[in-house]
Amino acid sequence: MDQARQWLRDARRIAVLTGAGVSAESGIPTFRGDGGLWRQFRAEDPATAEAFSANPKLVWEWYNWRRGLIAAANPNPAHLALVTLEQRVPAFTLITQNVDGLHSRAGSTNIVYLHGDIWTVRCLACGVSRKEERPQLPELPPQCQCGGLLRPGVVWFGEGLHQDRWRAAEQATRDADVFLIVGTSAVVMPAGGLAALAKRGGAKLIEVNADATWISDTADCSLRGPAGSVLPHLIED
Ligand code: BJW
Ligand code: ZN
């Protein structure tokens with residue numbers, strides 16, 4: 001912990017990758033592991049275009065449920081610690097796989113939303129994208145003004161990431177002196193591959209996770225525990 005704290009103090013360029021574990025202490029379930037169940041589904045099963053075209057109403061029920069949880073949740077000490085860290089270094093990029101927007105609500109500013117935003121909807125017919133911030137949509141599946149079907153503005157399995165965002169994530173990772181990876185199983189690609197890219201670029205790799213992951217052995221420092229307790233200590237001056 002002391003060594004990791006020193007690396008963060010000395011760093012000029014920090015990149016952070018977060019996953020669902022960073023929002024777990026805000027009451028938002030993770031995808032994999034014990035919390036990752038919704039009705040009879042594994043939580044990642046509805047996250048495909050195939051599931052959506054087979055049953056858009058069912059997939060929207062899952063999103064409606066999650067939107068309700070997220071709307072009722074607040075950023076936790078892990079989100080807040082990352083805001084403090086951003087204010088301390090000249091170059092800071094927060095790359096998140098989370099779609100919940102809690103990093104923005106906490107006050108982080110330079111954020112790359114790799115997997116999109118749960119508060120955005122996009123029309124499958126006319127392609128228009130807009131914010132939809134009512135937590136519970138009254139009619140499922142929701143429809144666009146053009147009559148087309150609306151889908152959540154997120155990235156599902158088998159879909160490409162937004163090119164500009166992915167480039168920004170790669171660049172920040174390559175440039176980083178320290179790469180901090182928090183609350184992600186890192187099994188979903190390409191996000192999970194950023195840690196290896198950071199190491200190749202010479203960054204110190206610090207992992208914070210409640211459990212061991214496949215990243216843990218390659219990390220320069222792997223801190224085991226809830227992000228809401230570990231991160232505030234890690235960024236102490
Ligand atoms: C705590 C904690 C606490 C708990 N404190 N820690 C290479 C090899 C094999 C397959 C592929 C490959 N490249 C691409 C693929 C295919 C696929 C993929 O990765 N499949 C694998 C699963 C096998 N990837 C894709 O299809 C991606 N697209 C793509 O690659 O396109 C090509 C392209 C690339 C680049 C540019 C252009 C084009 C798309 C992936 C989309 C993923 N989408 C989802 C849903 C998003 C929408 C939504 O939220 O509804 O993203 S799936 C889901 O998994 C979600 C998450 O962001 C993502 C990652 O999950 P995360 O965050 O890691 O959560 P968990 O639950 O897995 O882990 C939580 C962790 O927290 C655990 O470790 C806990 O221990 C820990 N934890 N409490 C600290 N309190
Ligand atoms: Zn439309």
Side-chain angles (χ1 to χ4, degrees), residues 1-5 7-8 11 14-38 41-45 47-48 66 75-79 81-82 85 92-100 102-103 108 111-116 154-158 161 165-166 169-170 172-174 176-235:
M1 171 72 94
D2 286 344
Q3 176 68 80
R5 211 184 268 141
W7 288 332
L8 285 170
I14 296 177
V16 184
L17 174 68
T18 63
V22 89
S23 294
E25 290 157 83
S26 295
I28 320 273
T30 59
F31 288 88
R32 295 162 192 89
D34 296 342
L37 283 174
W38 175 73
F41 303 98
R42 286 191 309 143
E44 57 188 315
D45 290 347
T48 67
R66 290 174 60 208
N76 68 58
H79 298 104
L82 294 174
L85 191 58
F92 179 93
T93 306
L94 177 46
I95 305 159
T96 187
Q97 300 168 84
N98 299 344
V99 299
D100 57 32
L102 287 177
H103 286 303
S108 291
I111 309 175
V112 179
Y113 281 99
L114 274 189
H115 293 163
V154 301
V155 182
W156 285 326
F157 284 115
L161 277 61
R165 294 183 201 175
W166 177 243
E170 279 189 314
T173 301
R174 278 200 203 93
D177 308 322
V178 172
F179 190 82
L180 178 59
I181 180 163
V182 187
T184 176
S185 59
V187 296
V188 172
M189 298 296 154
L194 288 172
L197 181 64
K199 282 223 77 170
R200 285 202 297 278
K204 292 288 182 206
L205 176 60
I206 305 172
E207 179 187 54
V208 176
N209 198 300
D211 286 311
T213 71
W214 71 275
I215 300 285
S216 305
D217 286 343
T218 56
D220 295 291
C221 170
S222 183
L223 299 167
R224 208 61 50 79
S229 314
V230 176
L231 278 186
H233 281 295
L234 185 60
I235 62 128

Straight-line distance of T30 OG1 to N98 CG, nearest 0.5 Å = 10.5 Å
To the nearest 0.5 Å, how far apart are CG in L180 and CZ in F92?
-> 8.0 Å
Any sub-3.5 Å donor-acceptor pair from E25's side-chain atoms to N76's backbone N or O?
-> no
Which value, rounded to the nearest 0.5 Å, describes the distance between L17 atom CG and L194 atom CG?
-> 6.0 Å
Distance-minimising heavy-atom pair for A227 and V182 | CB-CG1, 3.8 Å
If you take all heavy atoms of G19 and Q97, which pair is closest and at what distance?
-> CA-NE2, 4.0 Å
Derivation and outcome, side chain to side chain contact (heavy atoms under 4.5 Å, CB included), residues I181 and E207 = CA-CA 5 Å; I181 180 163; E207 179 187 54; 3.8 Å; yes
Rounded to the nearest 0.5 Å, what's the gap from OG1 on T184 to CD1 on I215? Could you check?
-> 8.0 Å
Applying side chain to side chain donor-acceptor pair (under 3.5 Å), which residue pairs with at least one partner in residues 15-24 are found, sequence neighbours left out?
-> T18-T96, T18-H103, S23-H79, S23-D100
Taking every non-hydrogen atom, the tightest pair across I95 and A169 | CD1-O, 3.7 Å
Say whether, by atom type as modelled, one donor and one acceptor occur between the side chain of D220 and the main chain of L205 under 3.5 angstrom.
-> yes
Which atom of V208 lies closest to which atom of G225, heavy atoms considered | CG1-O, 4.4 Å
Would you please name every residue forming a side-chain hydrogen bond (donor to acceptor under 3.5 Å, both in side chains) with D2, sequence neighbours left out?
-> R5
Is the shortest heavy-atom distance from the side chain of P190 to the side chain of E170 under 4.5 Å?
-> no
Grab the two heavy atoms, one from V230 and one from M1, that are nearest each other, plus how far apart they are.
-> O-CE, 4.1 Å
Hits for side chain to side chain contact (heavy atoms under 4.5 Å, CB included) against A11, two or more places apart or cross-chain, chain-then-number order -> I14, D177, V178
Quick one: CG on L85 to CG on L8, what's the gap to the nearest 0.5 Å?
-> 6.0 Å
Minimum heavy-atom distance F31-A20, with the two atoms named | CD1-CB, 4.0 Å
Without swapping roles, check the side chain of R165 against the backbone of Y113 for a donor-acceptor pair under 3.5 Å.
-> yes
Between CZ of F179 and CZ of R174, what distance do you get to the nearest 0.5 Å?
-> 12.0 Å
After noting the C-alpha distance and the side-chain angles of L223 and H233, does the key distance pass the side chain to side chain contact (heavy atoms under 4.5 Å, CB included) rule?
-> CA-CA 11 Å; L223 299 167; H233 281 295; over 6 Å; no
Heavy-atom donor-acceptor pair, K199 side chain to T218 backbone, under 3.5 Å | yes
